[in-house]
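Each remark here refers to the structure printed beneath this line.
Just so you know, these numbers use all the heavy atoms, side chains as well, and skip hydrogens, waters and symmetry mates.
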Amino acid sequence: MAITLNHTIVPARDKNAAARFFAHLFGLTYDGPLGHFAPVRVNETLTLDFDNASSFERHHYAFHVGDEEFDAILQRCRKPASPMGVIPGIWTISS
């Protein structure tokens, strides 16, 4: 049996807002909270379970996507309603 990552908990200040934002950027669906978490299914094996947190450690999540998916994600990031950057205060999507 192959080893796969089934889920991971993603800390957020607002788990529902973070799950909606992530799902929107990646073209995924967020169906609302399920139990304690705000889950977003990334693919058939991985779910990101967003959870409220008041303090944070550094995390790194890397996703391998095709060229078409990348271009679509980048376009959603570049929309004015997407207040995000890759490295806060240093490099933003518009750079």
- Report yes if the distance between the aromatic ring centroids of Tyr30 and Phe21 is under 6.0 Å, otherwise no. no
- Message: For the OG1 atom of Thr29 and the CZ atom of Arg41, what is their distance to the nearest 0.5 Å?
- Response: 11.5 Å
- Item | Over all atoms of both residues, closest heavy-atom pair of Asn43 and Leu46 | OD1-N, 2.8 Å
- Message: Any non-hydrogen side-chain atom of Phe37 less than 4.5 Å from a side-chain atom of Phe50?
- Response: no
- Message: Quick one, Pro11 and His59 - any side-chain contact, counting heavy atoms below 4.5 Å?
- Response: yes
- Query: Which heavy atom in Pro39 sits nearest to a heavy atom in Gly32, and how many Å separate them?
  - Reply: CD-O, 3.8 Å
- Task: Give a yes or no on whether Phe56 and Phe22 share a hydrophobic cluster (residues Ile, Leu, Val, Met, Phe, Trp, Tyr; joining criterion: side-chain heavy atoms under 4.5 Å apart).
- Result: no
- Item | Leu25 with Tyr61, same ILVMFWY side-chain cluster at under 4.5 Å | yes
- Query: Given the rule that I, L, V, M, F, W and Y join up when any side-chain heavy atoms are under 4.5 Å apart, are Ile9 and Val40 in one cluster?
  - Reply: no
- Which heavy atom in His7 sits nearest to a heavy atom in Asp49, and how many Å separate them? CD2-OD2, 3.6 Å
- Message: Between Gln75 and Ala72 (side chain of the first, backbone of the second, donor and acceptor by atom type, cut-off under 3.5 Å), is there such a pair?
- Response: no
- Task: Answer yes or no: is there a donor N or O on one side and an acceptor on the other, between the side chain of Arg76 and the main chain of His24, under 3.5 Å?
- Result: yes
- Query: Should Thr45 and Asn6 count as side-chain neighbours, where that means a heavy-atom distance under 4.5 Å?
  - Reply: no
- Sequence-distant partners of Asp51, side-chain hydrogen bond (donor to acceptor under 3.5 Å, both in side chains), two or more places apart: His36
- Item | Interatomic spacing from CG in Asp14 to CZ in Arg20 - rounded to 0.5 Å | 6.5 Å
- How long is the span from the CD atom in Glu69 to the CZ atom in Phe63, to the nearest 0.5 Å? 13.5 Å
- Message: Measuring from atom CG of Leu74 to atom CG of Asp67, what distance do you get when rounded to the nearest 0.5 angstrom?
- Response: 12.0 Å
- Counterpart residues, ring pair (Phe, Tyr, Trp, His ring centres under 6.0 Å), relative to Phe70 (two or more places apart): none
